[in-house]
Amino acid sequence: MNEVTVYNTITRKKEIFKPLNPPHLGMYVCGPTVYGNAHLGHARPYITFDMASRYFTHLGYKVRYVRNITDVGHLENDADSGEDKIAKKARLEQLEPMEVVQYFTHRFHQNMEKLNVMPPSIEPRASGHIIEQITMIQEIIKNGFAYEINGSVYFDVEKYSKLHNYGKLSGRVPDEMLSNTRELEGTQEKRNPRDFALWKNASPEHIMHWPSPWGEGFPGWHIECSVMSQKYLGEVFDIHGGGMDLLFPHHECEIAQSIAAGKKESVRYWIHNNMITINGQKMGKSLGNFITLDDFFSGDNKLLEKPYSPMTIRFFILQAHYRSTLDFSNFALQSAEKGLKRLMNSFALMNNLQVSEKSTVNVAEIRDNCYAAMNDDFNSPIVIATLFEAARIIHLVAEKKETIDSPGLDLLKKTIHDFVFDILGLKEESEETGSLAKDLMNAILIIRKEVKLKKDFATSDMIRDELAKLRISIKDGKEGSTWAMEGESGG
RNA sequence: GGUCGGGUGGCCGAGAGGCGAGGCAGAGCUCUGCAAAAGCUCCUACAGCGGUUCAAAUCCGCUCCCGACCUCCA
């Protein structure tokens, strides 16, 4: 009934999604290289594919979501020698490389939990799959698509592209790439600059290394995803996701490796999220213009005017379609914060709505529109726009300008529950207020009500002002007063 | 240089041949002791120039800007 359409990068078209073995659904998403703190850019794919996974689960699919951790050292550039990223960090911090890996993996998990990103079904580590990677490299050598030089193994792009279409995913033509490849130092070892490493010989100062048929070394970057996706999802699986910046060379190489190893083309739907920009430029490690998630949560960054809660970040990201670039700014984030607060306030109101005999509002249409939006390539901005419609309805009913019947209210509650909390993965962010605080606030509100009845507004305003200093706001409604902590949604 | 994607109101962002997404900001009104919250209303945009069409933000051509990838990157 709910037919999901997804934009498949390899066909450049929206396609109807049909899993290989329903109700099972296999999805692989490229995870982080754990040598630094996660930044806003990292949040995008993990929130996007979390939403996709949640939606498929909601529709009844049995989703197996695999997202890797890249914890083997990859070189900082294409040069043959030099340190890898993790080793460099380890040297600077005087740590064992695996300590670096462990530390940032933990930090990453903490960030994801705050963002309400559900853990994947399987989170394989590259370092735990060295044997499988070696095996796949051997297959590729055996099939004649790779060669060994000085303890390193390279993929022979030229030979491969004579028989297969190298560039089919990214739309690149190997011959054009050849003439346009930049001169990079230290690539003399390769037969062709386009060739990429499957295994790298470890120089003496390179600390992360494993034994292999070609000597001590470490795997190339692209092979781990080919190996781990197929190990846990099968030779052919449904969805492979990741950031657009991984399209080439990473994902292109994954396809080539699988084919060269004598396997089928494994990915049926390629899904890529677009980048987050800052001042119109991609936010990225290499440009150094990134803001870490921890910085957002604490506000401790020159570029930030204030802290932004995890749900504000999540909402901000979901307010844009995943295939569009999304530009960071304090104003945009604060807009998202206010919008989210309004939405959440209205949903809190929903539980106190009075039902009528007749309904003047169309809840079924809201629900249908939410499904239609999600089915259209996960159009979360439309879902959110529709949810603001629902918020308006809730307020109108609360103010008795519209009425809702009992089945309508039940459907409304179900719709909010499904789309806001289950699918978009938003949640209330209330500070932990103890029961004592709640009782005290109730007592204060009772006192204030008394003085207001006596028209002692000076005292009632004083109570409100003093509470405001404690970041507690008072709202007087027709049904009495409510209170809320700043940044919190309901009272 | 090659390949790909964009330019939408003050800002952020959907849409992709016809009935003007949504959020934030701003203005007015209602409510209110005041404020806040909430509601209603307003502010009617699609880079430029041509073309196709009864109809173009949406299709075609040209021009101008911007970005991504081609090296590690989510």
Side-chain angles (χ1 to χ4, degrees), chain A residues 9 12 29-33 35-36 38-49 74-79 84-85 167 170-173 175-177 179-182 184 187 193-194 221 241-250 252 272-277 280-287 290 315-316 319-321 323-329 331-340 342-343 345-346 349 369 373 376 379-389 391-392 394-396 398-399 401 452 455-457 460-461 464-465 468 473-478 481-482 484 491:
Chain A
T9 310
R12 315 260 162 194
V29 173
C30 289
T33 303
Y35 68 106
H39 61 72
L40 184 63
H42 292 104
R44 174 104 105 145
Y46 307 131
I47 288 173
T48 297
F49 292 104
H74 293 301
L75 295 179
E76 287 218 301
N77 54 49
D78 204 31
D84 71 61
K85 296 182 283 196
S170 55
R172 269 159 232 279
V173 182
D175 287 346
E176 287 175 0
M177 285 161 55
S179 54
N180 288 304
T181 301
R182 291 187 213 164
L184 289 164
T187 52
R194 291 172 301 169
W221 175 39
M244 265 182 190
D245 50 351
L246 301 180
L247 228 152
F248 189 90
H250 187 57
E252 196 71 62
H272 290 95
N273 64 275
N274 214 136
M275 301 293 103
I276 287 187
T277 57
Q281 262 208 326
K282 173 187 166 183
M283 182 181 282
K285 280 216 167 86
S286 48
L287 290 165
F290 61 90
F315 188 72
F316 171 68
Q319 254 190 322
H321 185 84
R323 282 193 290 113
S324 301
T325 54
L326 172 60
D327 200 53
F328 155 84
S329 75
F331 189 80
L333 237 19
Q334 281 161 37
S335 301
E337 183 178 53
K338 286 176 191 169
L340 176 64
R342 235 190 74 196
L343 264 190
N345 277 341
S346 71
L349 253 175
N369 288 347
D376 183 14
N379 200 325
S380 55
I382 300 268
V383 174
I384 289 171
T386 308
L387 291 169
F388 275 105
E389 294 291 317
R392 175 168 290 125
I394 291 168
H395 288 301
L396 289 174
E399 301 210 341
K401 287 177 181 164
K452 277 180 72 177
K455 304 228 181 267
D456 180 4
F457 297 122
S460 74
D461 287 352
R464 188 169 63 197
D465 293 345
S473 61
I474 298 288
K475 292 170 215 163
D476 294 337
K478 281 179 182 163
S481 301
T482 57

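Every heavy atom of this structure was used, including side-chain atoms; hydrogens, water molecules and symmetry mates were not. Every chain is numbered from 1 and lettered A, B, ... according to where its sequence line falls, protein lines coming before strand lines.
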- Searching all strands shown, indicate the nucleotide that pairs with B:A27 (Watson-Crick or G-U wobble; both distances under 3.5 Å). B:U41

- Task: Using the test side chain to side chain donor-acceptor pair (under 3.5 Å), find all partners of A:Lys452 that sit at least two apart in sequence or belong to another chain.
- Result: A:Asp476

- Listed partners of A:Lys338 passing side chain to side chain contact (heavy atoms under 4.5 Å, CB included), at least two apart: none

- Message: Using the side chain to side chain donor-acceptor pair (under 3.5 Å) criterion, which residues pair with A:His395? Sequence neighbours excluded.
- Response: none

- Message: Once ring-ring contact (aromatic ring centres under 6.0 Å, His included) is applied, do any residues pair with A:His250, and if so which ones, sequence neighbours excluded?
- Response: A:Trp221, A:His222

- Query: Partners of A:Phe49 by ring-ring contact (aromatic ring centres under 6.0 Å, His included), sequence neighbours excluded?
  - Reply: none

Where do N or O atoms of nucleotides 25-30 of chain B meet protein N or O atoms at under 3.5 Å, pair by pair?
residue	atom	partner	partner atom	Å
B:A25	OP1	A:Lys338	NZ	3.2

- Task: With sequence neighbours excluded, tell me which residues meet ring-ring contact (aromatic ring centres under 6.0 Å, His included) with A:Phe290.
- Result: A:His39

Pairs under 3.5 angstrom, nitrogen or oxygen only, protein versus nucleotides 13-17 of chain B, please.
residue	atom	partner	partner atom	Å
B:G13	OP1	A:Asp327	N	2.7
B:A14	OP1	A:His321	N	2.6
B:A14	OP1	A:Ser324	OG	3.1
B:A14	O3'	A:Asn379	ND2	3.4
B:G15	OP1	A:Asn379	ND2	2.9

- With sequence neighbours left out, write down each residue that passes salt bridge (charged side-chain N to carboxylate O under 4.0 Å, His left out) with A:Arg342, or none if nothing qualifies. none

- Can you tell me the pairing partner of B:G61 across any strand shown, Watson-Crick or G-U wobble, with both distances under 3.5 angstrom? B:C49

- Message: If I pick the P atom on B:G50 and the same atom on B:C43, what distance separates them, to the nearest angstrom?
- Response: 28 Å

